[in-house]
Each structure stands twice: as C-alpha cells, then as structure tokens.
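The next block holds one structure in the form of structure tokens; read it before the comments.
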Amino acid sequence: MTTVKLPDGSLKEFDSAVSVKDVAKSIGSRLAKDALWGEIDLQPVELDYEIPQGEPVNLKIITKKDPNALETMRHSCAHVMARAVMRIKPGVQLAFGPTIDGGFYYDVECDEPLTEEDFPAIEKEMAKIIALDEPFERLDRPRADAIQVCKDLKQDFKVEHIETGLADDDSLSFYQQGEFLDLCRGPHIPSPRRIGAFKLLSIAGAYWKGDQSREQLQRLYATAFFTQAELDAHLELLEEAKKRDHRVLGKRLGLFHIDEMVGQGLVLWTPKGSFVRQKLQDFISEHLQRQGYDQVFTPHIGKLDLYKTSGHFPYYQDSQYTPLVDREYLSQLAEEGCTCGELSNLMNEGEIEGYLLKPMNCPHHIRLFASEQRSYRDLPVRLSEFGTVYRWEQSGEIGGLTRVRGFTQDDAHLFVTQEQLGQELIGCIELVKIIFGAMGMEDYTVRVGLRDPDSSKYVGDPANWDLAEQACREAAQTLGKDFSEDPGEAAFYGPKIDFVVKDCIGRKWQLGTVQVDYNLPERFGLEYIGSDNKPHRPIMIHRAPFGSMERFIGVLIEHFAGSFPLWLAPEQGRILTVSDKSEEYGKRVESQMRNAGIRVKGDYRSEKLGAKIRDGQLEMIPYMMIVGPRDAENGTVSIRDRIDGDLGAIPVEEAIAKFQSEVADKTVRRKSS
RNA sequence: GCUGCUGUAGCUCAGUGGUAGAGCGCGUCCUUGGUAAGGACGAGGUCAUGGGUUCAAAUCCCAUCAGCAGCUCCA
C-alpha cells in the first residue's frame with residue numbers, strides 16, 4: 001500500500017507500488033504529460049521513481065508552471081557548466097553560481113582567463129556531461145568536515161565562505177555529480193536530462209563578494225530552458241530588446257550625439273532631440289506654473305566657498321570635475337613655491353580658492369532664498385530651474401543618455417515650514433504622476449527611503465524625521481500604487497521618495513526623486529520670520545520629477561521604441577508625392593499644414609512611393625500624407641498611419657483637425673498587438 | 001575605477017603580415033511609378049591615436065583615447 005499526501009493536503013492511496021508518474025496519471029492525463037519530476041519530502045526524484053510503501057509521503061509533482069522549476073533546473077545547469085569549465089581549465093577556483101532573472105551565472109577564477117572563444121568547448125563539454133546522465137547526489141557534512149572537504153578540493157573561496165558567510169551553520173550540504181563536488185544548498189533536478197536547451201551568453205568581471213577591494217573573478221553568464229523553442233524565443237526577445245536600445249535608436253533617428261572630441265558623457269542634442277527635450281520642458285513648465293513655482297536661472301559655476309558651506313567640497317570631490325582655480329591665486333601659490341603635489345593636497349583638504357562646475361543646483365537656489373528677508377507669509381517658496389550640473393562619474397559607468405557627466409535636472413527647491421511639508425510633498429508627487437500618466441508609463445516602482453534606526457549619521461531632530469518620514473509615506477500613498485519602504489536608504493539629510501524604471505535590457509534607473517532636507521538650511525543658516533516675530537528654520541524639499549532630461553529621454557525613447565506620440569514627435573507628418581507631377585500640390589499642402597502649426601516635411605524625391613513609405617516608416621513618422629493626381633483634384637491627402645497603415649483619402653482640413661486634436665489630447669498610441 | 005571584448009567609408013560590417021572591400025546611405029543621370037526597397041554610373045577611407053617589432057603592419061606587441069558587457073560607485 002502506497003499513500004501520498006499532495007500539496008493541497010489531500011491523501012491518495014494505491015494498492016500496489018506506484019511511481020511518481022503513476023500518481024500524476026491518476027490525477028490527470030494533462031498533469032502526467034506536463035510533469036517534469038517529483039519532489040518527495042522536498043527531495044527531487046525522477047518520474048519513474050518508485051514511491052516507498054507504508055507511511056504516507058509528501059509528494060509534489062513539478063511542472064514547468066512551478067515557479068521554482070526553471071530556477072532549479074538552471075541551477076543544476078550552472079553546476080554542469082562549472083564542471084565543464086573545470087574539465088577544460090584545470091585549477092579553477094569556484095565562487096558563487098546562483099540563478100538570476102533570465103538565466104544563471106557562475107563566478108570562477110582561472111589561471112589563464114576564459115574568453116568567449118572558450119564557449120563552444122565549454123558548451124560541448126556540458127553536452128557530454130548531460131549525456132552521461134549522472135544524478136546530483138546530496139551529501140551532508142558537519143561543519144569541520146565541510147571545511148576539510150573544501151580544503152581537499154583546493155576551493156579557497158568555498159572555505160572562506162563556510163568560515164565567514166555560513167558561520168552559523170553546523171551542517172553543510174554538498175552536491176556531487178561524477179567527479180564534481182560542490183558546496184551547495186540545492187535543490188537540484190533529479191537528472192541532468194531535465195536540462196533542455198542551454199547557451200553561454202557572456203563573460204565579465206565581478207568582485208568576490210561584491211567587494212571592490214577583493215579578488216576580481218570571471219563571471220560566466222548563461223541561460224537554460226526546458227525546450228530549444230523556449231531558448232530561441234528568449235534569445236529573440238533579447239535581440240528585439242537591443243533594437244529598442246536608446247543608443248541605437250538615438251543614432252538611427254538622429255536624436256542626440258556624443259562626441260569623442262567633446263568628451264565622455266557629454267551629450268550634444270541634435271535639432272530633433274532638442275525639440276523633444278524642449279517639448280517636455282514646456283509640458284512640465286505649464287504644470288509648475290499651476291502649482292505656483294517660480295522659474296529662476298543660475299550660472300553653471302560657483303565659488304568653492306559656496307560648496308565648502310554646503311559641505312560638498314572637498315567631501316565629494318572624487319565625483320566632481322576638478323575645480324577651476326583662480327589664475328591670480330595660482331600664480332601666488334607658484335611664487336610661494338607650491339608644487340603640483342602640494343596643490344593636490346590643498347585640494348584634498350579643500351584649502352583652495354577657485355570655482356567649481358556646479359554638481360547640483362541647490363546651493364545657488366539657497367543663496368537666492370537667502371537674498372531676501374522671508375516671512376512665513378512668503379512660504380512656501382518654490383524655485384525651479386532646468387539646471388545643468390556636472391559630475392565626474394567613473395568612466396566605466398558612463399553610457400548613452402542614462403549615465404552622463406553633464407545633465408540637466410528639472411530641478412526645484414521648496415522652502416517650507418514643518419506644517420507645509422506634507423502638502424508640498426503631495427504636490428511634488430502629483431507632478432510625477434502627471435508625467436508618468438502623460439507618457440503612459442505604468443511600469444515603474446516607488447521607493448520610500450527611510451533612515452536606518454541603528455545609525456547616527458543623520459542630521460536633524462529625530463522627532464522631525466518621524467514627521468517627515470510619515471509625510472513621505474502619505475505622499476507616496478497618493479499615487480495609488482504599491483511602494484517599498486527601505487530603511488537605511490534615506491540620505492543623511494532627510495528621507496526621500498524615488499521613482500525607478502527599467503531600461504530595455506533590464507537595468508534599473510532612478511528617474512524622479514523627492515527629498516526632504518534638514519541639513520542645508522542648517523548649514524546656510526536659512527531663516528524666515530514666523531508669526532511669532534521670531535526667526536525659524538525652513539525645511540527644504542529637493543525634487544526633480546523627470547530626474548534628468550537626459551536620462552528621462554533615454555528611457556522615454558525605449559519606452560516608445562522611438563515612436564513618440566504626436567505631440568512629442570519632431571516630425572509629425574510627411575508629405576509623400578506619388579510622382580513629380582504632384583510636387584506643386586504637395587508643397588501647397590505642406591505649407592497649409594505648417595501654417596496650421598503642424599510639423600511637416602515633404603519627400604519630393606523621384607523615388608517610388610513604396611520606397612518613400614518605407615523610409616518614413618523606418619524614421620517612425622507618425623503620419624504620412626500621400627498626394628497624387630487624385631488628391632490634387634479632390635483637395636485631399638491619402639493618410640497613412642505608422643501603426644494602422646492606409647487610412648484612405650480625407651480633405652486636408654480634416655487631416656489638420658485630426659492632428660490638432662491628437663496633439664491637444666497628448667494621445668499615446670501603441671501597437672495593439 | 002576594475003576585468004574582458006571591440007574600434008576599418010556617413011551607418012552596419014567583411015578583410016589575420018604583401019599596400020582596402022560589401023551592403024545601405026550620399027551625388028548625378030535614367031525612370032513618373034497610389035501604400036515597406038526601380039535602374040545605371042560615380043564620389044567617399046591618415047584602417048581610433050601614439051610608439052614598437054618587421055624588408056613589409058589594418059593585421060603582431062605596448063600605451064593612450066573611445067565604445068560595449070558585467071562588477072563597483074552614484075551627494
């Protein structure tokens with residue numbers, strides 16, 4: 001008699017010996033077909049495994065749909081990969097080999113570095129190992145033995161990990177497959193045959209335990225699926241995503257240019273890109289005006305004293321462009337016999353005069369606030385500026401529009417009373433909501449950064465912090481969207497709310513941010529006169545709903561896959577003549593539409609219509625207006641939509657009205673497929 | 001910043017020690033065609049930069065600059 005207990009708690013009894021597959025069959029033919037393996041008391045077993053008779057056993061039948069199935073298989077595949085690498089390159093040191101979104105990796109250290117040229121050999125070896133069909137066998141060892149096992153294997157990273165990372169574990173598990181033995185928590189698939197299709201993807205450096213001061217290992221990225229079809233689909237998806245990359249589209253659509261001669265991470269906006277950026281600025285400016293913001297302009301540099309007061313210099317000088325040192329001051333130092341080394345030391349200590357390219361806008365805005373005496377009646381003061389800032393980002397970090405060295409924040413600083421804080425935070429969130437809403441961006445996450453209760457690095461009164469944190473929570477709630485609360489993620493000067501989106505290859509980027517600041521008002525000694533006729537310290541809010549124009553537009557290009565909504569599109573429509581005979585009519589329509597405020601261009605080349613359409617489509621022109629003799633006769637344009645194709649002939653006035661209403665509504669249209 | 005890969009025509013790329021190629025784009029001409037590529041001819045390259053090895057370097061070596069992937073970082 002065999003008794004199994006299924007995950008839902010139900011018991012099933014069988015008169016004779018049965019296999020996992022038999023149980024699956026008894027539940028349903030579909031399940032029997034989809035079953036990959038079984039799990040008895042959390043231990044994976046093959047489908048033909050005969051279930052022990054007697055006492056009831058807990059059985060779970062694993063199918064593809066099981067959220068852990070793919071992960072388990074991939075992890076086993078990681079073992080196979082590590083084993084293959086060890087066979088090919090003797091003396092390999094293994095580190096960690098977890099699964100990740102879309103695949104898995106294994107960190108290794110080899111005497112001679114692996115390159116992508118080794119991939120075919122590794123994949124071939126993996127196929128051989130899988131064909132051997134040796135099971136993954138679990139071995140549990142007491143702590144001391146485990147360390148000795150790893151020492152015998154000459155796996156120093158594993159030894160260190162047991163001694164430090166797993167210091168609290170008394171017993172450790174290993175998995176053995178043939179000659180390959182690895183410290184591993186498991187679980188694994190019952191047989192390597194369950195590894196369907198796999199592929200090595202890339203290789204890159206990674207620090208041991210993520211610590212820059214430790215050994216740098218080689219990280220082998222790979223992926224695996226149960227079927228070749230799924231793998232192919234996944235790889236195709238990756239290819240598709242690459243085509244959406246804003247760096248590729250930015251070049252193809254001529255939106256921006258980054259020039260070697262100008263400098264790394266410094267964006268040159270082309271006319272088309274500038275247009276999009278300007279439209280976005282106009283859009284947000286309109287809402288700023290409604291919320292009672294005042295627009296200001298401030299210069300791109302400021303005296304070092306300003307940043308010494310704010311605390312940014314010399315503290316953050318590693319991420320700033322080198323200061324512009326006063327010529328006179330420099331020659332004075334030279335006369336005193338100051339060497340380059342000494343100059344550098346002066347800079348490190350902040351004991352130097354000169355100017356800094358502004359790394360943020362707040363100090364300038366603060367000085368504007370402080371330039372007048374303020375009464376509580378004046379508050380909140382909201383100063384906004386599309387302020388360009390410069391930061392010396394690490395060279396390896398820079399790329400495209402998402403991480404640059406010069407960028408323009410849609411910045412503003414609000415000077416508020418404690419009582420006003422909550423309401424003003426809600427106003428800031430409102431702006432973010434407006435932006436994401438207008439773009440049809442729903443796929444973003446919200447993080448509320450709170451202080452770490454165990455740390456003393458924070459400035460400001462803890463009671464006020466509690467109020468500010470609560471205000472942030474309440475503001476975030478107005479989004480009507482889930483948000484995470486992350487203790488320890490606050491800045492030292494105040495709690496914050498961040499908005500994060502993913503790019504086309506899954507990297508996360510912070511866009512908008514709203515931050516409360518108790519520090520800078522203190523450092524600059526800001527005051528306003530309260531109703532009690534006494535001076536009070538305002539609280540500052542830093543906020544940038546787009547984050548930076550560069551990063552936002554980078555993400556936006558990918559979000560729209562280059563197809564901007566009509567109101568943002570640099571070229572909204574293009575007149576295509578069927579033949580040279582219609583050029584005159586085409587130009588008439590062109591000027592008519594342009595006079596109506598529509599951004600159109602004409603394609604009057606002696607090309608075939610098909611070629612012109614293809615070009616317009618590839619340039620992602622929202623609408624093409626085809627004009628031929630028939631249209632000239634009827635005063636129409638034959639309109640072609642980039643999404644829905646041919647819409648037929650309509651009068652020019654009607655086309656204009658269609659454009660205008662779509663622009664007014666800021667309609668976001670996407671391919672429905 | 002670190003590790004690895006890459007840098008050839010405006011773009012995408014081929015060329016692996018013997019003096020530079022393709023497709024697209026661009027220009028001219030032909031073609032006058034109604035919804036995703038009509039045809040012909042032509043122009044265009046200090047092979048990223050600077051050194052080195054060699055009789056000879058786009059090709060091999062070193063450095064620098066830049067790009068890509070990942071790691072680390074991001075007030």
Side-chain angles (χ1 to χ4, degrees), chain A residues 100 105 107 109 113-118 201-221 242 245 247-248 251-252 254 257-265 307 310-313 315-320 359-360 362-363 389 391-400 402-405 407 491-494 496 498 505 507 509-510 513 515 517 519-520 542 548 551 576-583 604-619 624-631 637-642 644-649:
Chain A
I100 49 172
Y105 67 77
D107 284 348
E109 187 180 63
L114 290 165
T115 70
E116 289 192 17
E117 283 167 22
D118 296 315
L201 297 176
S202 64
I203 193 161
Y207 300 105
W208 167 235
K209 297 219 165 178
D211 184 343
Q212 207 173 355
S213 65
R214 297 297 307 268
E215 296 87 336
Q216 188 158 25
L217 313 167
Q218 288 193 291
R219 180 166 294 178
L220 265 172
Y221 284 91
K242 273 188 200 157
D245 191 314
R247 292 165 295 192
V248 175
K251 181 169 269 183
R252 216 186 82 209
H257 170 66
I258 295 170
D259 193 274
E260 258 189 55
M261 218 182 229
V262 174
Q264 209 185 357
Y307 300 101
S310 72
H312 293 108
F313 189 85
Y315 198 61
Y316 289 109
Q317 66 171 321
D318 283 352
S319 41
Q320 288 159 5
M360 78 287 305
C362 6
V389 298
R391 298 183 187 177
W392 190 258
E393 303 287 358
Q394 296 190 134
S395 64
E397 271 311 325
I398 294 169
T402 39
R403 193 81 181 263
V404 290
R405 281 186 173 157
F407 55 97
F492 73 91
Y493 49 76
K496 60 176 181 172
D498 287 333
I505 48 177
R507 287 182 292 210
W509 298 102
Q510 183 199 303
T513 183
Q515 309 184 355
D517 188 346
N519 179 48
L520 287 175
H542 310 250
S548 84
R551 182 176 287 179
L576 310 185
T577 45
V578 171
S579 78
D580 293 350
K581 289 173 192 145
S582 307
E583 183 167 341
Y604 305 119
R605 293 174 301 164
S606 298
E607 283 292 345
K608 285 194 159 183
L609 182 60
K612 295 186 189 184
I613 287 174
R614 182 169 191 272
D615 291 342
Q617 203 73 36
L618 291 176
E619 286 180 60
M624 286 180 254
M625 272 79 61
I626 290 142
V627 294
R630 291 204 296 266
D631 297 289
V637 291
S638 298
I639 197 156
R640 187 191 159 93
D641 178 79
R642 87 183 138 189
D644 296 330
D646 190 0
L647 300 182

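Chain letters run A, B, ... following the sequence lines, proteins first and then strands; every chain starts at 1. Keep in mind that this is a model prediction, so the values were computed, not measured.
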TODO: Round to the nearest Å and state the distance from A:E607 atom CD to B:U28 atom P.
DONE: 12 Å

Task: Short side-chain N/O contact to B:G4 OP1/OP2 from A:R219, under 4.0 Å - done: no

TODO: Check side-chain hydrogen bond (donor to acceptor under 3.5 Å, both in side chains) between A:D615 and all other residues, then give those that pass, not counting sequence neighbours.
DONE: A:R605

Task: N/O (side chain, A:R507) to phosphate O (OP1/OP2, B:A69) under 4.0 Å - done: yes

Task: Rounded distance in Å - CG (A:D107) to C1' (B:U3) - done: 12 Å

- [ ] For nucleotides B:U54 and B:G4, find the distance between their P atoms and express it as a whole number of Å.
- [x] 28 Å

TODO: Scan A:D631 against the nucleic acid and name what it touches under 4.0 Å (heavy atoms): base, sugar-phosphate only, or nothing.
DONE: base

Task: Closest to side chain of A:S606, choosing from B:C71, B:G34, B:U31 - done: B:U31

- [ ] Consider the side chain of A:Q394, meaning its heavy atoms from C-beta on, and name the nucleotide among B:C73, B:A69, B:U32 that approaches it most closely.
- [x] B:C73

- [ ] When you get a sec, tell me which of B:G4, B:G33, B:A36 is the closest nucleotide to the side chain of A:I203?
- [x] B:G4

Open item on the list: Side chain of A:Y316, heavy atoms from C-beta onward: which of B:U32, B:A75, B:G70 has the nearest atom to it?
Closed with: B:A75

Task: N/O donor-acceptor pair under 3.5 Å between A:R405 side chain and A:I398 backbone - done: no

TODO: Would you kindly compare A:P113 and A:T577 by the position of their nearest RNA chain B nucleotide and give the one closer to the 5′ end?
DONE: A:P113

Open item on the list: Taking the minimum atom-to-atom distance to the side chain of A:A204, which one of B:G33, B:A75, B:G70 wins?
Closed with: B:G70

Task: Qualifying residues under salt bridge (Lys or Arg N to Asp or Glu O under 4.0 Å), relative to A:D580, sequence neighbours excluded - done: none

Open item on the list: Distance check needed: B:A36 P versus A:E619 CD, whole Å only.
Closed with: 16 Å

Open item on the list: Judged by each residue's nearest nucleotide on RNA chain B, which is more toward the 5′ side, A:R642 or A:K612?
Closed with: A:K612

Task: Set of side-chain hydrogen bond (donor to acceptor under 3.5 Å, both in side chains) partners for A:R247, sequence neighbours left out - done: A:D245

Task: Among B:A36, B:G38, B:U12, the nucleotide that comes nearest once only the side chain of A:R614 is considered - done: B:A36

Task: Nucleotide nearest A:I613 (side chain, heavy atoms from C-beta), chosen from B:G34, B:A75, B:A36 - done: B:A36

- [ ] Quick one: list whatever passes salt bridge (Lys or Arg N to Asp or Glu O under 4.0 Å) with A:D517, sequence neighbours left out.
- [x] none

Task: Any donor-acceptor pair under 3.5 Å from A:R391 side chain to A:P359 backbone - done: yes

Open item on the list: Taking donor-acceptor contacts at under 3.5 Å, does the side chain of A:D646 reach the base of B:G34?
Closed with: no

- [ ] Write down the distance separating the P atoms in B:A75 and B:C13, rounded off to the nearest Å.
- [x] 35 Å

Task: Distance, rounded to the nearest Å, where A:Y221 contributes OH and B:G4 contributes C1' - done: 12 Å

Task: Nearest-Å distance once atom P is located in both B:C5 and B:C60 - done: 13 Å

Task: Rounded distance (nearest 0.5 Å) linking atom NZ of A:K242 with atom CD1 of A:I505 - done: 8.5 Å

Open item on the list: Tell me which one of A:K209, A:R219, A:R214 satisfies salt bridge (charged side-chain N to carboxylate O under 4.0 Å, His left out) with A:D107.
Closed with: A:R219

Task: Nearest listed nucleotide, side chain of A:I626, among B:U12, B:U35, B:C5 - done: B:U35

Open item on the list: Taking B:U28 as the reference, what is the distance to B:A66 when you measure between their P atoms (whole Å, please)?
Closed with: 38 Å

Task: Rounded distance in Å between the P positions of B:G27 and B:G10 - done: 15 Å

Open item on the list: Is it the case that the base of B:C73 and the side chain of A:R391 share a donor-acceptor contact (distance under 3.5 Å, atom types as modelled)?
Closed with: no

Task: Separation of atom CZ in A:R605 from atom P in B:U28, rounded to whole Å - done: 13 Å

Task: For A:Q320, all residues meeting side-chain hydrogen bond (donor to acceptor under 3.5 Å, both in side chains), sequence neighbours excluded - done: none

Open item on the list: The side chain of A:R403 is closest to which nucleotide in this list: B:C73, B:G34, B:A75?
Closed with: B:C73

Task: Rounded distance (Å) that lies between atom C1' of B:C68 and atom CG of A:L201 - done: 15 Å

TODO: Mind checking A:E117 for me? I need base, sugar-phosphate or nothing, with any heavy atom below 4.0 Å counting as a touch.
DONE: nothing

- [ ] Would you state whether a donor and an acceptor, one from the side chain of A:Y207 and one from the base of B:G1, lie under 3.5 Å apart?
- [x] yes

TODO: Encode nucleotides 62-67 of chain B as B, S and - characters from 5' to 3', where the letter depends on protein heavy atoms closer than 4.0 Å: B to the base, S only to sugar-phosphate, - to neither.
DONE: ----SS

Task: Test side-chain hydrogen bond (donor to acceptor under 3.5 Å, both in side chains) applied to A:E619 - qualifying residues, sequence neighbours left out - done: A:R574

- [ ] May I ask you to verify whether the side chain of A:S638 and the base of B:G34 hold a donor-acceptor pair under 3.5 Å?
- [x] yes

Identify the pairs formed between an N or O of the protein and an N or O of nucleotides 42-46 of chain B at a distance under 3.5 Å, and give each distance.
none

Open item on the list: As an exercise, state the distance from CD of A:Q317 to NE2 of A:H312, rounded to the nearest 0.5 Å.
Closed with: 13.5 Å

Open item on the list: Distance check, C1' atoms only: B:C74 and B:A20, in whole angstrom units.
Closed with: 45 Å

Open item on the list: Can you list everything that forms a ring-ring contact (aromatic ring centres under 6.0 Å, His included) with A:Y307? Sequence neighbours excluded, please.
Closed with: none

Task: Inter-nucleotide C1' distance (B:G23, B:U59), Å rounded - done: 23 Å

TODO: Write down the distance separating the C1' atoms in B:U12 and B:C55, rounded off to the nearest Å.
DONE: 37 Å

